[in-house]
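I have a structure I would like to understand better, so I am pasting it below and will then ask my questions one at a time.
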2 protein chains.
Amino acid sequence: MSQKNLLHVIIDKRERKLMEVLDRKKDKITYESKQLEIADILISNEVAIERKEGFDFIASIKDNRLFEQLLRLKETYITAILIIEGLNDMVFENTGMNINSILGALSFVSYKLGISVIPTRHLEDTAIVIERIAYREQVKDDMPLLYRSAPKKMSLQERRYFMMESLVDIGPKKARLLIDTFKTPYDAISAIKSTKIKYTRNGNPKGISGIIKQKGLKGFSWKFIKNNQELLFGKINNDKQKIINEVIKT
Amino acid sequence: MSQKNLLHVIIDKRERKLMEVLDRKKDKITYESKQLEIADILISNEVAIERKEGFDFIASIKDNRLFEQLLRLKETYITAILIIEGLNDMVFENTGMNINSILGALSFVSYKLGISVIPTRHLEDTAIVIERIAYREQVKDDMPLLYRSAPKKMSLQERRYFMMESLVDIGPKKARLLIDTFKTPYDAISAIKSTKIKYTRNGNPKGISGIIKQKGLKGFSWKFIKNNQELLFGKINNDKQKIINEVIKT
DNA sequence: CTGTAATCTTTATGA
DNA sequence: TCATAAAGATTACAG
């Protein structure tokens with residue numbers, strides 16, 4: 001399998017060691033070093049690789065770095081590949097992390113995120129994999145029998161959920177509920193704006209009134225309204241509001 | 001996270017050992033044993049898993065069994081998963097096979113065939129992976145999506161900046177500028193709402209008019225307004241708006 | 001990612 | 001009707 005055409009890839013500046021390994025394969029593959037923002041290795045405009053060493057893989061699960069990086073990778077390139085290097089027994093055991101979490105993350109990335117996971121033993125293996133993939137993409141490109149989903153940017157809808165999650169006292173569930181009910185962030189925020197806190201005769205807050213209540217949304221109570229009105233609209237004169245509520249109270 | 005719903009999978013008759021392991025997880029997952037022609041484990045009508053132990057994985061590369069099986073798997077099920085079990089250094093070394101061939105096959109299956117490869121250490125890991133995937137497919141179908149782990153301990157002001165950053169075509173600088181100018185997210189969003197896009201005589205968008213323009217904020221173009229109005233308020237009838245803008249154009 | 005702890009909502013109950 | 005307690009969800013945090 002002689003390769004007349006030299007393979008060529010782009011490698012992130014920080015991957016010094018990988019370059020050293022590739023230097024020993026000069027006759028087969030060349031590279032250029034650039035400052036890459038998203039991937040570690042670029043095979044083509046469509047194929048990008050993120051490389052993670054075993055320990056860093058685990059660490060990146062904890063701080064959510066892994067999913068952020070991989071989602072960006074997937075958004076940007078048609079084919080996103082994750083090479084996990086040296087994920088051996090030792091790595092699994094020498095982390096205070098739950099095995100379920102590690103395997104769960106692995107499964108999620110591979111089967112739910114649709115990112116190609118390739119395990120290797122060490123950097124030398126990784127270099128081989130890179131060379132193989134570059135060969136397929138750049139030389140043996142005559143095999144188009146695979147269908148891969150086009151890069152998927154975050155949809156508007158996802159971004160709307162996303163936006164509501166920057167409120168306080170909220171998580172994915174409530175964020176979704178708000179957008180699903182009110183359709184747009186503006187309408188959701190307007191709903192919060194128009195919501196009033198009800199008070200008991202003794203002056204204790206108890207429940208809310210307004211469109212959110214009317215729609216029967218669960219999980220939104222006076223504390224949520226109070227905190228988020230402050231966030232969204234600034235300090236509110238609660239005394240004044242309280243009086244009003246006394247009057248309009250049903 | 002109590003699982004009221006019991007997970008259920010179908011396992012090929014020959015996978016005796018796997019069943020033994022799953023028997024110890026009776027409270028979480030049940031299975032039925034059937035004669036399966038194509039896959040080893042069936043999670044649903046759409047998701048099927050092929051399980052291969054390290055040595056058999058290598059052996060199946062040699063005799064071409066691997067690609068035959070996996071291609072059939074991919075043809076039959078929407079999501080095809082390959083669990084490679086115990087592919088450790090020993091397996092790599094104790095086979096007369098070229099390392100390049102093994103890694104090449106691995107790469108091919110994962111990135112070119114588009115099959116989800118999940119490496120595990122042993123059968124126990126495999127059982128966990130099966131349970132995790134079944135859980136996602138059968139219970140957690142209403143995906144939490146990608147949600148950003150919003151920094152919970154943030155001052156109100158920081159959170160306002162943060163909220164603006166979930167707009168499109170914006171970064172930390174513009175987000176800050178918006179809040180510093182309009183004080184609250186609601187006022188900032190209202191400013192975007194009331195902003196109009198100006199058009200040239202030929203009907204091409206050019207510049208904006210409104211409070212944002214008046215305040216002299218830099219970096220907010222008609223594209224920014226258009227994209228974020230869509231995000232915040234939903235589709236806008238641009239034709240109608242265009243006409244209005246023609247009239248009010250300064 | 002997962003599992004568990006902390007927190008908040010809602011429902012139930014008694015005064 | 002209000003206040004309190006228990007039950008049920010959701011979110012926060014650590015690993």
Side-chain angles (χ1 to χ4, degrees), chain A residues 52 54-71 82 84 87 91-113 115 117 161 164-178 180 195 197-209 212-213 215-228 245-246 249-250, chain B residues 1-4 7 25 27-29 116 118-120 124-125 127-137 139-140 142-154 159:
Chain A
K52 280 246 179 292
F55 183 78
D56 188 44
F57 173 72
I58 310 263
S60 67
I61 296 172
K62 285 191 200 170
D63 51 28
N64 249 32
R65 217 171 61 242
L66 180 70
F67 302 104
E68 269 174 37
Q69 291 179 343
L70 291 182
L71 279 170
L82 171 66
I84 305 181
L87 188 68
V91 175
F92 265 91
E93 286 153 17
N94 287 4
T95 168
M97 208 170 165
N98 194 323
I99 296 294
N100 284 26
S101 300
I102 301 174
L103 292 173
L106 203 50
S107 307
F108 183 81
V109 166
S110 183
Y111 119 93
K112 206 72 194 179
L113 235 42
I115 286 173
V117 173
Y161 296 143
M164 299 324 277
E165 283 184 42
S166 52
L167 296 175
V168 292
D169 300 335
I170 202 170
K173 291 257 170 59
K174 283 190 208 170
R176 257 191 105 99
L177 190 54
L178 279 177
D180 289 348
T195 299
I197 298 175
K198 292 193 293 188
Y199 293 81
T200 66
R201 239 177 277 286
N202 298 355
N204 297 323
K206 177 179 169 58
I208 61 173
S209 68
I212 290 175
K213 183 78 174 179
K215 294 252 186 184
L217 270 60
K218 302 293 184 190
F220 300 90
S221 195
W222 66 271
K223 236 173 207 180
F224 175 90
I225 296 299
K226 178 177 157 294
N227 289 336
N228 283 295
N245 288 341
E246 288 288 347
K249 196 173 61 181
T250 52
Chain B
M1 203 185 283
S2 64
Q3 297 173 191
K4 305 167 187 175
L7 305 176
K25 293 168 165 282
D27 55 324
K28 291 180 182 171
I29 187 167
S116 299
I118 302 176
T120 68
E124 283 70 30
D125 277 3
I128 293 176
V129 168
I130 291 172
E131 185 208 320
R132 249 37 267 187
I133 294 175
Y135 179 66
R136 280 227 174 266
E137 284 299 310
V139 180
K140 212 173 179 180
D142 55 330
M143 264 243 286
L145 245 352
L146 52 111
Y147 54 101
R148 66 171 164 184
S149 51
K152 299 304 176 190
K153 205 46 196 171
M154 243 180 180
R159 198 174 281 273

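Residue numbers start from 1 in every chain, and the chains themselves are labelled A, B, ... in the order their sequence lines are given, proteins ahead of strands.
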Problem set entry | Interatomic distance, K173(A) NZ vs dT11(D) P [rounded to whole Å] |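 Atom NZ in K173(A) sits about 6 Å away from atom P in dT11(D).
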Problem set entry | Atom pair distance, as rounded to whole Å: CZ in F57(A) and P in dG15(D) |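 Rounding to the nearest Å, CZ of F57(A) and P of dG15(D) are 20 Å apart.
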For this session: Check whether any side-chain N or O of D63(A) sits under 3.5 Å from a backbone N or O of R65(A) as a donor-acceptor pair, and report yes or no.
Result: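 At least one qualifying donor-acceptor pair exists.
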Problem set entry | Distance-minimising heavy-atom pair for F57(A) and I84(A) |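 Heavy-atom minimum between the residues: CE1-CD1, 3.7 Å.
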Exercise. If you check every side-chain atom of S101(A), which of dA3(D), dC1(C), dT10(C) has the closest atom?
Worked result: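 Closest of the options to the side chain of S101(A): dC1(C).
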Exercise. Can you tell which of dC1(C), dT2(C), dA3(D) lies closest to the side chain of N98(A)?
Worked result: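 Per side-chain heavy atoms of N98(A), the pick is dT2(C).
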Problem set entry | Separation of atom OH in Y111(A) from atom P in dC1(C), rounded to whole Å |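 Spelled out: OH on Y111(A) to P on dC1(C) is 11 Å.
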Exercise. Do the charged groups of K174(A) and D169(A) touch, with an N to O distance under 4.0 Å?
Worked result: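 No.
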Exercise. Quick one: L87(A) CG to dC1(C) C1', roughly how many Å, whole number?
Worked result: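 Those two atoms, CG and C1', are 14 Å apart.
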Exercise. In this structure, which one of E131(B), E137(B), R132(B) forms a side-chain contact (heavy atoms from CB on, under 4.5 Å) with Y135(B)?
Worked result: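 Passing option: R132(B).
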Exercise. Out of dT9(C), dA3(D), dT11(C), which nucleotide sits closest to the side chain of N204(A)?
Worked result: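 Nucleotide nearest to N204(A)'s side chain: dA3(D).
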Problem set entry | Gap between atoms CG and P, on L103(A) and dG3(C) respectively (whole Å) |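 That distance rounds to 11 Å.
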For this session: For the residue pair E124(B) and I99(A), establish whether any side-chain heavy-atom pair is separated by less than 4.5 Å.
Result: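 A side-chain contact under 4.5 Å is absent here.
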Exercise. Between atom NZ in K198(A) and atom P in dA3(D), what is the gap in whole Å?
Worked result: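 Computing the K198(A):NZ to dA3(D):P distance gives 14 Å.
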Problem set entry | Length of the CZ-C1' vector between R176(A) and dA9(D), whole Å |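 Checked: the CZ to C1' distance equals 17 Å.
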Exercise. Contact class for K223(A) vs. all strands (heavy atom < 4.0 Å): base, sugar-phosphate, or nothing?
Worked result: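 Sugar-phosphate, backbone atoms only, no base.
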Exercise. How is I170(A) classified with respect to the nucleic acid when contacts are heavy atoms under 4.0 Å: base, sugar-phosphate, or nothing?
Worked result: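 Answer is sugar-phosphate: I170(A) comes under 4.0 Å of backbone atoms only.
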For this session: Report which part of the nucleic acid K174(A) touches: base, sugar-phosphate, or nothing (heavy-atom distance under 4.0 Å, all strands).
Result: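 Sugar-phosphate, backbone atoms only, no base.
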Exercise. T200(A) has a side chain; which of dC1(C), dA3(D), dT9(C) sits nearest to it?
Worked result: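 For the T200(A) side chain, the nearest candidate turns out to be dA3(D).
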Exercise. Does R65(A) have a side-chain nitrogen or oxygen under 4.0 Å from the phosphate oxygens OP1 or OP2 of dC1(C)?
Worked result: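 No, because none of the side-chain N or O atoms of R65(A) sits under 4.0 Å from OP1 or OP2 of dC1(C).
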Exercise. To the nearest Å, how far apart are E165(A) CD and dT10(D) P?
Worked result: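 These atoms are roughly 14 Å apart.
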Exercise. Under 4.0 Å: is that the gap between some side-chain N or O of K218(A) and OP1 or OP2 of dT11(C)?
Worked result: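 So the side-chain polar atoms of K218(A) do come within 4.0 Å of the phosphate oxygens OP1 or OP2 of dT11(C), strictly under.
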For this session: Would you tell me if any nitrogen or oxygen in the side chain of N100(A) comes within less than 4.0 Å of OP1 or OP2 on dG3(C)?
Result: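 So the side chain of N100(A) is within the cut-off, an N or O lying under 4.0 Å from OP1 or OP2 of dG3(C).
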Exercise. Does N64(A) place a side-chain N or O at less than 4.0 Å from the phosphate oxygens OP1/OP2 of dC1(C)?
Worked result: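 Result: no.
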Exercise. For dC1(C), does either OP1 or OP2 sit under 4.0 Å from a side-chain N or O belonging to R132(B)?
Worked result: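 Negative; the distance criterion is not met.
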